[in-house]
Amino acid sequence: MRNRLFHSLMFAVMLASAARLAPAQDASSDELVSLIVSLLHESDKDLRSVAFEQVRTEAPGAAATEKFAAELPKLKPDAQVGLLAALASRGDTAARPLVLETLNATKEEAVSAAAVTALGVLGEAANVPVLVEKLQADAKPIAAAARASLVRLPGDETAPTIVKTMHGATPNVQVALIEILTERRALGAIPELLAAADGDDKQVRTAAMKALGQLAAAEHVAGMVQGVLHTEPGPEREAAEKAVMFVCQRAENPKERAAPLLEAIHDLSAPDQLAMLSTLGRVGGDGARKAIEAAIAESDTHTAGIRALCNWPDATIANRLMELSKSDSHPEHRIATLRALIRVAPLADSRSDAERLELLKQCLTICTRDEDRLLVLQRARSIRTVETLRFILEHVDEPAFTEMACETIVELAHHRTLRDAHKEEFHAALDRVIATSQDATSVDRANRYKNNQTWVRPKASAN
Amino acid sequence: MLDQAFEALKTLDWGQDLAPLAPIDEAVISSHSDESARRELESRLAATLSMTDSRDAKDYVCRKLMLIGTAASVPALAALLAKPENSHVARFALERIPGKEVNEALRTALESVAGVLKVGMIASLGSRGDEDSVPQLAKLLGDSDHQVACAAAKALGAIGSGKAAHALATSSSEAVKQDATNAMLACAENLLAAGDKANALRVYKHFAGEGQPKHVRLAATRGMLACAGKASE
Amino acid sequence: MGRHPHPTRREFIKTASAAVAIPYIITSTALGQGDTPPASDRIVMGGIGLGNMGSGDQDAYLGRKDVQYVAVSDVRKGQLDAGKDKADKKYGNKDCQAYGDFRELLARDDIDAVHIATPDHWHAIMVIEACKSGKDVYCQKPETLTLREGPLMIAAARRYGRVVSGGSQRVLEDYREIVDKCWGGELGPIKSINVNVGPLSQMCNLAAEDVPAGMDWEMWLGPAAWAPYNSKRCDGNFGTNGNSWRSYLDYSGGGMTDWGAHHFGGATFAVDVRELQPHEINFHDDNGKQYVELVYPNGITLTHNKPGKENLEVEGTPGEKREAKPVPSYSGEGGIYGDFIECVKTRQKPFRDIELAVNSTAVSHLASAAYRLQRSLKWDSAKQEFPGDAEANRLLDRARREPWQL
């Protein structure tokens, strides 16, 4: 069957002639550009692809770029999409005017999205408004392309222009722009983000605090504290507290992590100081501990102190949690501190694996509820030793704990070096999983590990 | 220690521990800056080839001669080229030893072996880029053994010279078409890179016409565009 | 393997009558149902090597609505049959064709793309042959076994304009935090990054065992030196401690290349030297603790197993700001597999384009060369040789067993 690839031998002849006749030192590369331009108009998709390859890398210079871009209005939509992508890869801003013209002229969604994407590479700060407009497009591919382009749009003035655009924008757009500024790591936007974190709109506040969590430094903690105090109790407050925690955790010396936070809350009113206790607990460190213990010691601040202590980021307060879990006068405090203890017990630190496991075993002896015992069996998988396996095996046959125990066994077996070092014990344990578990995934994993195969942790399907 | 290692080497067989041979491995590395020690080691290794019937031992020796062999080892290695069990490991060493003596040995063997062993000689000559083997390889493009003909085409592509391209262009064997096409396109790339645009273009024009698979015609198009681009540099 | 001018698959489908030789065309799924694209818009794929990694790759492609999976090839009958069954179950037919010899699969004109997950000693030959046959390729990492293979694979891909993607999903997905810090400018200008990985592969002298039924041992060995069958020699598990082909020199570079493809890939991506190759490989031996420094032409240093350094530990320039750069990512949807398929459709270069993959695996090979020779080396990436170093240049490649050839 004849196809139209070389609707012409003519084209081949043209190519050959051009290559033969072009003067050896012709800097304009006119012949090559003309050939590429003619290929752009080929009806055969594969042949056009060859032209796009050439546009990406060959015939350098703005003059050639302009000639390629000038073909945009003359091409059919699918060829426009290809050429826009090729021009973006070429990276020459000389194509920008034609890209904008194409964006304005087209009614095709795919062409719009391609033009918006190309603008992200070829554009400048002046193109922020059009990209923000496209960010709000109904067509998802266009909106997604605009978001990506605002993240990568070059130029020193781009981030400040995005910040200016935030004023007067709808909350949804403000949130998107805050996320974009975060991805750009626009440190210059921090003052605006602090202001947004103290604003009236909850979703904007939440986005701003999240952004600050990633961008801010110790000197911004005082401002972020105002943001925390401005939040509604519940998920918004928790997220804001975590944002402060992320900033404090970036301090090089772990013992000084709480210093900027303590300084920030020093002059607050008593109720505000109390409200910030929970955040202090998340950050940890000596200063925070002192403030929290003082609160625990007072009856009217006792509960807030306990809650703060339960947020602690490491196992340094394990003994204290153990003590409170046994002795606190409030039953709910005993449960909360026990669960906090189970959470921190296996965290990796200077303690040996055996010490961490021993602490977890002690937790089990204190538990009075099955849900807490289940948490112990779940947390044990963080301690990757054969002793953990032996500990878990003791609970496989207890009906309330079978599935959790089996899940932890396969999690431990997932680690090949551990499994291979204790092959027989693991094989026997995996056999018990296969015989006992009703969970298809646990059984499948057990079979795989026994056969020395891998198991890939499922991710959300994107297809 | 080295003496014991050489003694152990003579009876090496699969399933045995390689630890007793460690002194030889160490000598290969440590002789880097001691030419006379390295030549003595080479000589002992080459001599071992005729002192053992063990296939595994010959395999081991050839792996070491790959690293330190010189023209002095070529006769001992060349003696293995016609032996089906040892031909590959001999090339394993020879292919990486510098010098015309290796090319001559491979070209000589090429005339005396057949089938897959011939393919092996051809492959090694191609890998070494032996321009002097082009006339022999050109003749093999029409060989009745399909594998030999295809190997010759590939080797000519690896050599990549104008002469190689010319030899490929004169081949009309349908059986080697895909390999010959690829080899010619590779030659054209070399020709263009070396500034011989006219001959590169001749190759590309040949493959741009109807009657070629689409991906080949597209490759030729790229080539012709590259020629056009070359003119403007 | 001779070829004749054929219409492309898509043209063929548009014009073919029902009585055609390619089985999948007559299946109902090929006509497109619901939100499944019609066959003419789908990428027709086959898989070569269906063991541990290959079966996972097959699952990923088989699960895509924009892929029609039509053929499998493996040297183990059990794996071959399992791969065919999986595809047949997915489509509710018996149309997936099974080949013991990958060349038969590549000879099919209706196949657009293949995924390759054989042991490493096969990768270069298969990738080059696939490109010669006009196929796009997704090849598992480490893509190369020797330094010479890389440029030849790139040349084949570029010659035919093929989309050739390497297969390390971890490069982008596992090290995102450090990548974001580097590309985001948080660490200032980057000075160095360390990778901890190993070991190097070793010679294999395992005893002969009976070749099991259904195993084509000659084909498994392929271009590698002949050796007797032993189950550990060819086991596809991920270990490198002697119980798998990943442990042995003829088939793998060991952990150095196997996990190295991920770690070096992630490290070179993080510090943005993916498009370069080192020009100095400095070997150090500090009281028996050996490590290597690979220096790039732009001054960035990549260390391997440097004492006291964590894996992917970056040394930046504290206090010096650097502009954030947009982080390159996958195209399309569905991770690295989706990236490949999207690029097959758009003809753009994938995230782990073969050239970047080759640069990444070259780091493993260059470091390995320094360890094997126990000394420092220079590397000329343009000429792809160790300049003036005849001894080191012997390590660039190795002769392939007849009848295999690059």
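Chain A is the first sequence line, chain B the second, and so forth, proteins listed ahead of strands; every chain is numbered from 1. The figures here come from the full heavy-atom set of this structure, side chains too, leaving out hydrogens, waters and symmetry mates.
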So for [X], is it side chain, backbone, both, or neither that comes closer than 4.5 Å to the heavy atoms of chain C?
X: B:L185; value: both
X: B:L67; value: both
X: B:Q16; value: both
X: B:A155; value: both
X: B:R91; value: both
X: B:A188; value: neither
X: B:L94; value: neither
X: B:R128; value: neither

Working to the nearest 0.5 angstrom, can you tell me the gap between [X] [atom1] and [Y] [atom2]?
X: B:R96; Y: C:L395; atom1: CZ; atom2: CG; answer: 8.5 Å
X: C:W226; Y: B:N86; atom1: CH2; atom2: CG; answer: 11.5 Å
X: C:D250; Y: B:D59; atom1: CG; atom2: CG; answer: 7.5 Å

### CG (C:D285) with more than 12 external heavy atoms under 6.0 Å
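Check passes, neighbour count above 12.
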
### Task
Taking atom NZ of C:K232 as the centre, report whether more than 12 heavy atoms of other residues, nucleotides or ligands fall under 6.0 Å from it.
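Check fails, neighbour count at 12 or below.
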
Side chain [X], main chain [Y], donor-acceptor under 3.5 Å:
X: C:N205; Y: B:D13; result: yes
X: B:H215; Y: C:K135; result: no
X: C:Q405; Y: B:A151; result: yes

#### Entry: Side-chain H-bond candidate by donor/acceptor type, C:Y160 with B:N182, under 3.5 Å
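Result is yes, a qualifying pair exists.
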
With respect to chain C, which residue among [options] yields the maximal number of heavy-atom pairs within a distance under 4.5 Å?
options: B:C150, B:A158, B:G223, B:S127; value: B:S127
options: B:D17, B:T181, B:V89, B:I68; value: B:I68
options: B:E85, B:M66, B:M121, B:Q147; value: B:M66
options: B:G69, B:G157, B:G126; value: B:G69
options: B:K154, B:E95, B:K118; value: B:K154

### Task
Return the option, out of C:A399, C:C204, C:A207, with the maximum number of heavy-atom pairs under 4.5 Å with chain B.
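The residue among C:A399, C:C204, C:A207 with the greatest pair count is C:A399.
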
### Task
Sort out for me which of C:R372, C:Q202, C:E402 touches chain B most, counting heavy-atom pairs under 4.5 Å.
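Sorted descending by pairs with chain B, the first entry is C:E402.
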
### Query
Under the salt bridge (Lys or Arg N to Asp or Glu O under 4.0 Å) test, which residues partner B:D25, sequence neighbours left out?
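Per chain and number, B:D25 pairs via salt bridge (Lys or Arg N to Asp or Glu O under 4.0 Å) with B:K64.
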
### Query
Looking only at heavy atoms, which two atoms of C:A225 and B:R63 are closest? And how far apart?
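Answer, listing the atom of C:A225 first, then B:R63: CB-NH2, 3.5 Å.
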
### Task
Could you name each residue pair satisfying salt bridge (Lys or Arg N to Asp or Glu O under 4.0 Å) that touches residues 147-160 of chain C, not counting sequence neighbours?
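Every salt bridge (Lys or Arg N to Asp or Glu O under 4.0 Å) pair that includes a residue of residues 147-160 of chain C, provided the two are not neighbours, is B:E189-C:R159, C:R148-C:D397, C:E149-C:R400, C:R158-C:D353, C:R158-C:E355.
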
Is the shortest heavy-atom distance from the side chain of [X] to the side chain of [Y] under 4.5 Å?
X: C:R394; Y: B:P98; result: yes
X: B:D179; Y: C:K132; result: yes
X: B:Q178; Y: C:E129; result: yes

### Interchain contact, C:L406 with chain B, by part (heavy-atom threshold 4.5 Å)
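Looking at C:L406, just its backbone touches chain B.
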
